[in-house]
Protein chains: 2
Amino acid sequence: MKLQQLRYLVEVAKQGLNVSEAAEALHTSQPGISKQIRLLEDELGVQVFIRNGKRVVDVTAPGKEILRISERILREAKNLKRVAEEFVNEEEGSLVIATTHTQARYALPGTISSFMQRYPGVKLSIKQGSPTQICEFVLDGSADIAIATEGIDQFPELISLDCYQWNRSIIVPDNHPLLELRRHVTLADVAAYPIITYDFAFAGRSKINRAFEAEHLSPNVVLTAIDTDVIKTYVGLGLGIGIIASMAFDVHRDQGLFAIDASHLFEPSTTHIGVRRDAYLRGYTFSFIEGFAPHLKRETVERALNTYGED
Amino acid sequence: MKLQQLRYLVEVAKQGLNVSEAAEALHTSQPGISKQIRLLEDELGVQVFIRNGKRVVDVTAPGKEILRISERILREAKNLKRVAEEFVNEEEGSLVIATTHTQARYALPGTISSFMQRYPGVKLSIKQGSPTQICEFVLDGSADIAIATEGIDQFPELISLDCYQWNRSIIVPDNHPLLELRRHVTLADVAAYPIITYDFAFAGRSKINRAFEAEHLSPNVVLTAIDTDVIKTYVGLGLGIGIIASMAFDVHRDQGLFAIDASHLFEPSTTHIGVRRDAYLRGYTFSFIEGFAPHLKRETVERALNTYGED
DNA sequence: GTTTGTTACGGCTACCGTAAAGATC
DNA sequence: GATCTTTACGGTAGCCGTAACAAAC
């Protein structure tokens with residue numbers, strides 16, 4: 001049994017049971033893959049793939065188990081390399097952060113820029129996506145950590161670390177009646193106007209829904225956006241009032257708009273960092289996490305990673 | 001990076017940093033091992049072992065991490081093979097049970113013999129040892145499951161499954177004064193006589209101590225044994241009275257000795273099965289566990305194995 | 001007909017084992 | 001001097017890639 005044989009297996013499965021594409025993805029030849037898979041199947045005495053004549057059409061029952069374990073082995077092998085890199089040069093490497101628009105645009109810039117100054121040798125990159133997508137990036141290894149408010153706790157393979165709590169604001173155009181009420185605004189007041197807010201899967205939208213439901217109000221949501229900038233644009237156009245994360249409002253930049261604190265109307269949301277349970281994190285990754293959420297010291301995170309008891 | 005390179009690493013570490021012994025254990029040549037380790041170190045860019053001139057004397061800091069991960073990888077590779085075997089032939093394979101004297105002699109025989117009838121193709125073997133030893137057997141892969149009353153919960157890498165509860169009996173020779181009291185015997189009565197019981201680490205001995213301590217009694221323990229047969233022998237010789245697991249007394253076989261139920265004196269003990277969290281268990285292993293503890297169905301055990309969320 | 005997977009074959013890498021030399025205790 | 005490890009070297013297995021063939025959509 002060889003590591004590449006496992007790599008071949010996994011890649012074929014990943015490419016939708018297409019050996020040719022797997023070969024391309026791995027920069028090698030189809031026959032090589034076919035042969036090695038055959039050899040492995042012979043060695044194990046079990047077919048992994050079901051072939052219809054010459055075409056791979058499905059995975060056998062044992063194949064599913066085998067693929068699962070193979071993935072784990074390959075992941076650990078990657079960790080091994082990462083450990084080595086860490087010791088060779090603590091200051092160099094790469095860090096891929098998967099996150100949502102709101103985090104990328106409003107929460108992360110400060111942390112990112114000081115991180116880049118501190119670790120100029122680390123190739124930092126950001127992958128933007130929906131909460132579900134970014135979790136999947138972390139799962140399949142194409143990102144190291146996920147940062148989002150929604151979704152992370154839904155993946156048991158990920159550890160979810162609380163970063164910070166935040167509240168919401170109502171944003172309105174100039175001269176809007178709600179500005180008279182200011183802090184005395186109620187949910188009912190809000191529900192009286194057309195509302196523009198986040199898409200269902202994003203930025204704690206579920207908490208907004210819950211708040212209205214609790215008071216049996218049915219708000220008139222006229223537009224759901226993935227990012228705050230879209231919301232602001234349409235609030236500016238007078239389409240309705242916006243409910244956004246407070247941190248996304250900037251008095252200077254957002255001329256013509258006004259924010260009304262709404263922390264008394266909606267329960268606060270918490271932004272989380274998600275990491276694979278079985279990931280090996282580089283030293284600078286711990287440093288990044290601590291930069292973003294100062295209470296998440298290295299030891300705290302390590303302890304969380306090992307919650308299931310094993311060392 | 002190759003799997004055998006990892007195997008070499010781990011074996012060298014296991015053999016006390018002796019490359020020659022590792023070579024012997026793996027049925028290969030020393031130079032081969034040396035070279036492959038070098039190659040791996042080159043590839044990773046980190047030394048795993050510290051060499052004093054030509055002698056391997058220690059493991060580097062990264063080496064420790066690397067060894068840990070390597071062990072995990074090799075373990076998973078073994079699991080992979082096991083999965084395959086399972087599907088090739090569900091009825092053949094091996095099962096190694098690590099257990100203590102008391103379990104082997106009094107609790108297991110029934111389960112074992114019906115298991116052997118049901119799975120004649122499975123090579124069953126039993127490794128006897130102290131509670132700590134048997135857990136270590138399971139940890140290092142030389143046994144599949146551990147069965148014991150003590151010790152299993154102290155290893156976080158093992159899942160501990162409750163099997164059954166049992167109580168204790170006092171055994172005395174014929175005409176012993178305690179026989180007058182029978183079920184009305186108290187701890188104070190017991191403490192009045194010299195006592196023979198289990199060694200500290202065995203068979204729930206700690207519960208016995210705790211019971212006496214709770215009543216501020218200091219029993220006169222004149223002999224501590226690892227197994228019940230030794231205890232019985234010396235009780236028969238009149239050295240003192242015995243405190244043993246009730247299941248270890250047999251009216252017919254143990255002529256000349258009498259048992260007094262002591263379930264009201266000591267809290268019951270529970271016997272556990274211990275399994276590595278990351279082990280792949282063969283179908284017949286589940287079957288064995290269920291034979292030993294009928295409430296531990298396959299699904300129950302599988303659920304317990306995946307408590308840390310993954311899978 | 002096009003896409004896809006297997007068989008056949010040749011080159012070459014690199015792994016393994018033997019033998020000998022160098023270090024350490 | 002004995003044990004242990006590395007270097008040197010030759011044989012060989014087996015991996016990879018090209019090319020041709022076979023099957024499936």
Side-chain angles (χ1 to χ4, degrees), chain A residues 1-60 62-63 66-67 70 73-74 77 80-81 84, chain B residues 1-60 63 66-67 70 73-74 77 80-81:
Chain A
M1 186 194 318
K2 273 137 205 159
L3 280 175
Q4 355 186 6
Q5 293 177 326
L6 303 185
R7 207 165 281 136
Y8 288 172
L9 279 190
V10 170
E11 193 63 35
V12 168
K14 199 173 164 190
Q15 300 291 343
L17 304 176
N18 185 320
V19 179
S20 306
E21 287 185 29
E24 198 153 340
L26 296 172
H27 308 104
T28 183
S29 65
Q30 291 104 346
I33 300 211
S34 281
K35 193 174 188 184
Q36 290 307 318
I37 290 184
R38 284 274 153 124
L39 283 173
L40 181 62
E41 288 179 331
D42 286 354
E43 181 183 341
L44 296 177
V46 196
Q47 296 257 115
V48 175
F49 297 117
I50 298 174
R51 297 163 176 81
N52 186 359
K54 287 205 166 181
R55 196 149 299 203
V56 177
V57 290
D58 208 350
V59 181
T60 63
I66 290 171
L67 282 169
S70 300
I73 292 177
L74 295 173
L80 199 62
K81 286 193 180 162
Chain B
M1 187 194 315
K2 274 137 204 159
L3 281 175
Q4 353 187 5
Q5 292 177 327
L6 304 185
R7 206 164 284 135
Y8 289 172
L9 279 190
V10 170
E11 194 62 36
V12 169
K14 199 173 163 189
Q15 300 291 341
L17 305 176
N18 185 319
V19 179
S20 306
E21 287 185 29
E24 197 153 341
L26 295 172
H27 308 104
T28 183
S29 65
Q30 290 104 345
I33 300 211
S34 282
K35 192 173 188 186
Q36 290 307 316
I37 290 184
R38 284 272 152 124
L39 283 173
L40 182 62
E41 288 180 331
D42 286 354
E43 182 183 340
L44 295 177
V46 196
Q47 295 258 113
V48 174
F49 296 116
I50 297 174
R51 297 163 177 80
N52 186 358
K54 286 204 168 183
R55 197 150 297 204
V56 177
V57 290
D58 207 349
V59 181
T60 63
I66 289 172
L67 282 169
S70 299
I73 292 177
L74 295 173
L80 199 62
K81 286 195 180 160

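Chain naming here is simple, since letters A, B, ... match the order of the sequence lines and numbering starts at 1 in each. None of these values were measured; they are calculated from a predicted model.
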Nearest-angstrom distance from the residue atom CZ of A:R55 to P of C:dT2
15 Å

Identify each donor-acceptor pair in which a side-chain atom of residues 17-32 of chain A lies under 3.5 Å from a protein atom, sequence neighbours left out, and give them as a table.
{"unit_1": "A:N18", "atom_1": "OD1", "unit_2": "A:S20", "atom_2": "N", "d": "2.9"}
{"unit_1": "A:N18", "atom_1": "OD1", "unit_2": "A:E21", "atom_2": "N", "d": "2.9"}
{"unit_1": "A:N18", "atom_1": "ND2", "unit_2": "A:E21", "atom_2": "OE2", "d": "3.4"}
{"unit_1": "A:S29", "atom_1": "OG", "unit_2": "A:G32", "atom_2": "N", "d": "3.4"}

Which residues in residues 33-51 of chain B have at least one heavy atom lying under 4.0 Å from any atom of DNA chain D?
B:S34, B:R38, B:R51

For B:L67 against B:A13, the heavy-atom pair lying closest together:
CD1-CB, 3.8 Å

Counting C-beta onward and ignoring hydrogens, is there a side-chain heavy-atom pair between B:L40 and B:V48 closer than 4.5 Å?
no

Can you check whether A:N52 has a side-chain N or O nearer than 4.0 Å to OP1 or OP2 of C:dG5?
no

Kindly compute the distance separating CG (A:L80) from CD1 (A:I73), expressed to the nearest 0.5 Å.
12.5 Å

Rounding to 10 degrees, work out the angle separating the end axes of the helix from C:dG1-D:dC25 to C:dC25-D:dG1 (five pairs an end).
40°

First and last nucleotide of DNA chain D in contact with chain B, 5' to 3', at under 4.0 Å to a heavy atom: what are they?
D:dT3 to D:dT7

Taken to the nearest whole Å, CZ/B:R7 to P/C:dC15 is 14 Å

Side chains of B:T60 and B:F49 in contact at under 4.5 Å (non-hydrogen atoms)
no

Pairs where residues 39-48 of chain B contributes a residue and the test side chain to side chain donor-acceptor pair (under 3.5 Å) is met, not counting sequence neighbours
B:E41-B:R51

Numerically ordered, the residues 19-32 of chain B set in heavy-atom contact under 4.0 Å with DNA chain D is B:V19, B:S20, B:P31

Under-4.0 Å side-chain N/O to phosphate OP1/OP2 contact, B:Y8 with C:dC15:
no

Got a list of side-chain donor-acceptor pairs under 3.5 Å for residues 1-9 of chain B, not counting sequence neighbours?
{"unit_1": "B:Q5", "atom_1": "OE1", "unit_2": "B:K2", "atom_2": "N", "d": "2.9"}
{"unit_1": "B:Q5", "atom_1": "NE2", "unit_2": "B:Q36", "atom_2": "OE1", "d": "2.9"}

